[in-house]
**Student:** 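To start, I am sharing the structure in question, which I have written as structure tokens.
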Amino acid sequence: MPKSNRIIFHIDVNSAYLSWEAVYRLQHGSSVDLRTIPSVIGGDVTSRHGIVLAKSIPAKKYKIQTGETLYSARMKCPNLVVIPPRYYLYMQCSNEMVRILREYSPSIQRYSIDEVFMDFSNMEPHFGDPVKAAHEIKDRIRAELGFTVNIGISTNKLLAKMASEFEKPDKVHTLFPEEIPAKLWPLPVEELFMIGRATAPKLYKRGIFTVGQLAALDPNVLRQWLKSYGIMIWNFANGYEDSPVRDDGIPMKGLGNSNTLAFDVEDAQTAHRVLLSLTETTAMRLRDAKKCAGVVSVSMTDKDFHTYSHQGKLDVPTDCTDAIYQKARELFDEAWQGEPLRRMGIRLTQLCSNDFFQLSFFVKNTEKHRALDAAVDKIRLKYGSRAIFRSSFLYSGISPCMGGVLEEEDYPMMSSIL
DNA sequence: TCTGGGGTCCTAGGACCC
DNA sequence: TCTGGGGTCCTAGGACCC
């Protein structure tokens with residue numbers, strides 16, 4: 001595929017969660033459009049999930065930022081409307097958008113729930129000029145689904161993504177290579193993809209404040225300073241990037257669940273129950289993906305927000321809830337220092353196919369465990385995650401299946417490799 | 001009760017082998 | 001018995017993304 005004349009679109013939903021919630025409510029009889037008042041999607045403060053997940057444009061005018069605490073957001077705007085998130089609804093909205101996009105190209109990569117890359121190369125004969133086609137797509141999404149998107153157009157994914165970040169909402173922008181000096185280089189350096197809150201201050205200290213200044217540096221100096229990361233950001237600052245639009249789905253490397261608890265965990269028994277709860281949802285997702293895991297890792301965040309983790313290999317890759325839980329508990333007991341924990345997590349990596357299960361001879365009662373897991377999964381899928389649970393969760397105050405959205409399908413998530 | 005949850009990738013250091 | 005060096009695997013932690 002000749003990459004020099006590729007045409008790539010990046011489609012980005014404006015204030016995704018908030019827009020989707022607003023549309024849903026309008027369609028279900030609400031008279032207010034959340035997008036027109038100071039409002040945010042945010043978690044439940046009493047269970048310590050109190051941060052802003054998405055904000056309306058009027059809320060932005062109060063300087064409310066994504067990720068800040070609801071406490072702080074309400075200080076800035078006392079009559080702020082706060083709506084709890086409904087991830088399953090957002091997933092459906094995302095799917096509807098992708099359904100429209102597929103009419104314009106078979107080559108589509110879902111980068112996250114609200115961002116999509118589309119390869120529009122060689123599509124001009126069918127849909128005309130890319131800018132005109134992008135307007136058509138954007139207007140169709142607004143007319144048919146009720147929410148707005150920005151579309152960025154360029155010759156690679158990086159530039160298309162940067163272009164979609166320009167003026168919002170409901171806009172189409174181009175950022176072709178010849179437009180880089182005028183449109184990309186004047187931007188503050190922290191707006192470049194992959195420059196976050198740790199790297200930006202380092203660059204400031206060296207007098208680098210714009211993308212253009214970064215682009216003008218000697219890449220060898222950056223390599224010495226920041227290793228391969230230095231080369232990557234220098235390439236990005238110059239608009240160099242050539243990864244394909246991955247329409248085949250990116251193989252999953254790992255999966256996990258973690259949860260901030262409503263109260264600090266201070267005893268091992270409670271910690272073990274939390275771990276089991278997290279394992280139930282994670283292992284079910286693993287089985288749903290038809291994978292086995294070779295490595296289990298547990299993570300802990302103490303009340304002062306210090307996070308640490310401990311991982312270990314399973315003797316045999318498995319998808320069995322009990323086997324994973326046994327390992328997780330062992331790892332936890334080795335690592336936990338006894339301090340109060342605010343948050344716990346489990347993550348499974350080293351995934352392999354569960355097709356053969358050829359190593360099962362070494363594990364006792366494998367068939368029974370697999371049959372049990374399968375039966376429980378079936379009941380939970382049909383009747384919900386609370387339809388069946390272990391008796392140890394009764395009166396424990398701990399949810400038997402923590403994290404995850406059970407009805408939600410797994411799809412490839414974003415990665416730093418575009 | 002002021003700070004979520006899902007990911008990927010890279011690096012450094014230690015163990016171990018040849 | 002002194003001093004190497006390369007390669008791979010494993011683990012913990014930290015960077016980034018949405």
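Lettering follows sequence order; numbering is per chain, from 1. Given the structure is predicted, the values throughout are model-derived calculations rather than measurements.
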**Student:** Run the ring-centre check on A/Y308 versus A/H306 and record whether the distance is less than 6.0 Å.
**Tutor:** yes
**Student:** Which residues in residues 197-208 of chain A have a heavy atom closer than 4.0 Å to any atom of DNA chain C?
**Tutor:** A/R197, A/A198, A/T199
**Student:** Checking side chain to side chain donor-acceptor pair (under 3.5 Å) for the pair A/K60/A/Q65: CA distance, chi angles, key distance, verdict?
**Tutor:** CA-CA 7 Å; A/K60 192 178 180 178; A/Q65 291 176 342; over 6 Å; no
**Student:** If you compare every side-chain N and O of A/N259 against the phosphate oxygens of B/dG5 (OP1, OP2), does one of them come in below 4.0 Å?
**Tutor:** yes
**Student:** Base, sugar-phosphate or nothing for A/T260? Non-hydrogen atoms, less than 4.0 Å.
**Tutor:** sugar-phosphate
**Student:** I'd like to know if A/D170 and A/R142 make a salt bridge, using a cut-off of under 4.0 Å between side-chain N and carboxylate O.
**Tutor:** yes
**Student:** If you draw a 6.0 Å radius around CD in A/E103, do more than 12 non-hydrogen atoms from other residues or ligands fall strictly inside?
**Tutor:** yes
**Student:** Atom CD1 of A/I250 to atom P of C/dC18: distance rounded to whole Å?
**Tutor:** 14 Å
**Student:** Give the nucleotide from the list C/dC16, C/dA12, B/dG5 with an atom nearest to the side chain of A/Y229.
**Tutor:** C/dC16
**Student:** Counting a pair only when it is Watson-Crick or G-U and both distances are under 3.5 Å, which runs of at least 3 such pairs involve DNA chain C?
**Tutor:** B:5-18 with C:5-18
**Student:** A/F166: which residues meet the ring-ring contact (aromatic ring centres under 6.0 Å, His included) condition with it, sequence neighbours left out?
**Tutor:** A/H173
**Student:** For C/dT11, does either OP1 or OP2 sit under 4.0 Å from a side-chain N or O belonging to A/H310?
**Tutor:** no
**Student:** Could you tell me the separation between the CZ atom of A/F305 and the C1' atom of B/dT3, rounded to a whole number of Å?
**Tutor:** 4 Å
**Student:** May I ask you to check whether A/Y104 and A/F9 place their ring centers less than 6.0 Å from one another?
**Tutor:** no
**Student:** So, is the end of the A/R223 side chain (NZ or CZ) under 6.0 Å from the ring centre of A/W234 and within 45° of the ring's axis?
**Tutor:** no
**Student:** Using whole Å, report how far NZ of A/K313 lies from P of C/dC9.
**Tutor:** 10 Å
**Student:** State whether A/Y62 and A/K76 meet the cation-pi test: NZ (Lys) or CZ (Arg) under 6.0 Å from the six-membered ring centroid, and within 45° of the perpendicular axis.
**Tutor:** no
**Student:** Does B/dT3 have its OP1 or OP2 closer than 4.0 Å to a side-chain nitrogen or oxygen of A/R342?
**Tutor:** yes
**Student:** Base, sugar-phosphate alone, or nothing: which one does A/G67 contact when heavy atoms must sit under 4.0 Å apart?
**Tutor:** nothing
**Student:** Between A/C93 and A/F147, which heavy-atom pair has the shortest distance, and what is it?
**Tutor:** O-CZ, 4.2 Å
**Student:** Indicate whether OP1 or OP2 belonging to B/dC10 is found under 4.0 Å from a side-chain N or O atom of A/K227.
**Tutor:** no
**Student:** Side chain of A/F193 only, please: which of B/dT8, B/dG5, C/dC17 is the nearest?
**Tutor:** C/dC17
**Student:** NA contact type, A/G345, heavy-atom cut-off 4.0 Å: base, sugar-phosphate, or nothing?
**Tutor:** nothing
**Student:** How is A/G43 classified with respect to the nucleic acid when contacts are heavy atoms under 4.0 Å: base, sugar-phosphate, or nothing?
**Tutor:** nothing
**Student:** So what does A/E68 touch, heavy atoms closer than 4.0 Å: a base, only the sugar-phosphate, or nothing?
**Tutor:** nothing
**Student:** Taking the side chain of A/T69 as its heavy atoms from C-beta onward, which of B/dC2, C/dC18, C/dA12 lies nearest to it?
**Tutor:** B/dC2
**Student:** Taking C/dG4 as the reference, what is the distance to B/dC16 when you measure between their C1' atoms (whole Å, please)?
**Tutor:** 15 Å
**Student:** What is the distance, to the nearest angstrom, from the NE2 atom on A/H10 to the P atom on C/dC18?
**Tutor:** 8 Å
**Student:** Could you state the atom-to-atom distance from OH of A/Y111 to P of B/dC9 in whole Å?
**Tutor:** 11 Å
**Student:** With a 6.0 Å cut-off on the ring centroids, do A/Y204 and A/F209 count as close?
**Tutor:** yes
**Student:** Side chain of A/K161, heavy atoms from C-beta onward: which of C/dC18, B/dT8, B/dG5 has the nearest atom to it?
**Tutor:** C/dC18
**Student:** Hey, which sits more toward the 5' end of DNA chain B by its nearest nucleotide, A/L261 or A/R343?
**Tutor:** A/L261
**Student:** Does a side-chain N-to-carboxylate-O contact under 4.0 Å join A/R390 and A/D322?
**Tutor:** yes
**Student:** Let me know the distance between CZ of A/R110 and P of B/dT8, rounded to the nearest Å.
**Tutor:** 16 Å
**Student:** Is any side-chain N or O of A/T66 closer than 4.0 Å to OP1 or OP2 of C/dC18?
**Tutor:** no
**Student:** Considering every strand and a 4.0 Å limit on heavy-atom distances, what is the contact class for A/I195: base, sugar-phosphate, or nothing?
**Tutor:** sugar-phosphate
**Student:** With a 4.0 Å limit, can you tell me whether A/R347 has a side-chain N or O closer than that to the phosphate oxygens OP1/OP2 of B/dG6?
**Tutor:** no
**Student:** Taking CD from A/Q350 and P from B/dC9, how many angstroms apart are they, rounded to a whole number?
**Tutor:** 13 Å
**Student:** Round to the nearest Å and state the distance from A/I64 atom CD1 to B/dC2 atom P.
**Tutor:** 17 Å
**Student:** Under 4.0 Å, heavy atoms only, any strand: does A/A262 hit a base, just the sugar-phosphate, or nothing?
**Tutor:** base
**Student:** Taking for each residue the nucleotide of DNA chain B bearing the nearest heavy atom, is the 5' side occupied by A/G50 or by A/S258?
**Tutor:** A/G50
**Student:** Please determine, for the side chain of A/Y71, which listed nucleotide (C/dG13, B/dC2, B/dT8) has the closest atom?
**Tutor:** B/dC2
**Student:** Taking only side-chain N and O atoms of A/N257, does any of them lie within less than 4.0 angstrom of OP1 or OP2 on B/dG5?
**Tutor:** no
**Student:** Could you tell me if A/R86 sits above the aromatic ring of A/Y24, with its cationic atom closer than 6.0 Å to the ring centre and no more than 45 degrees from the axis?
**Tutor:** yes
**Student:** Does A/S228 make a side-chain N or O approach to OP1 or OP2 of B/dT11 shorter than 4.0 Å?
**Tutor:** yes
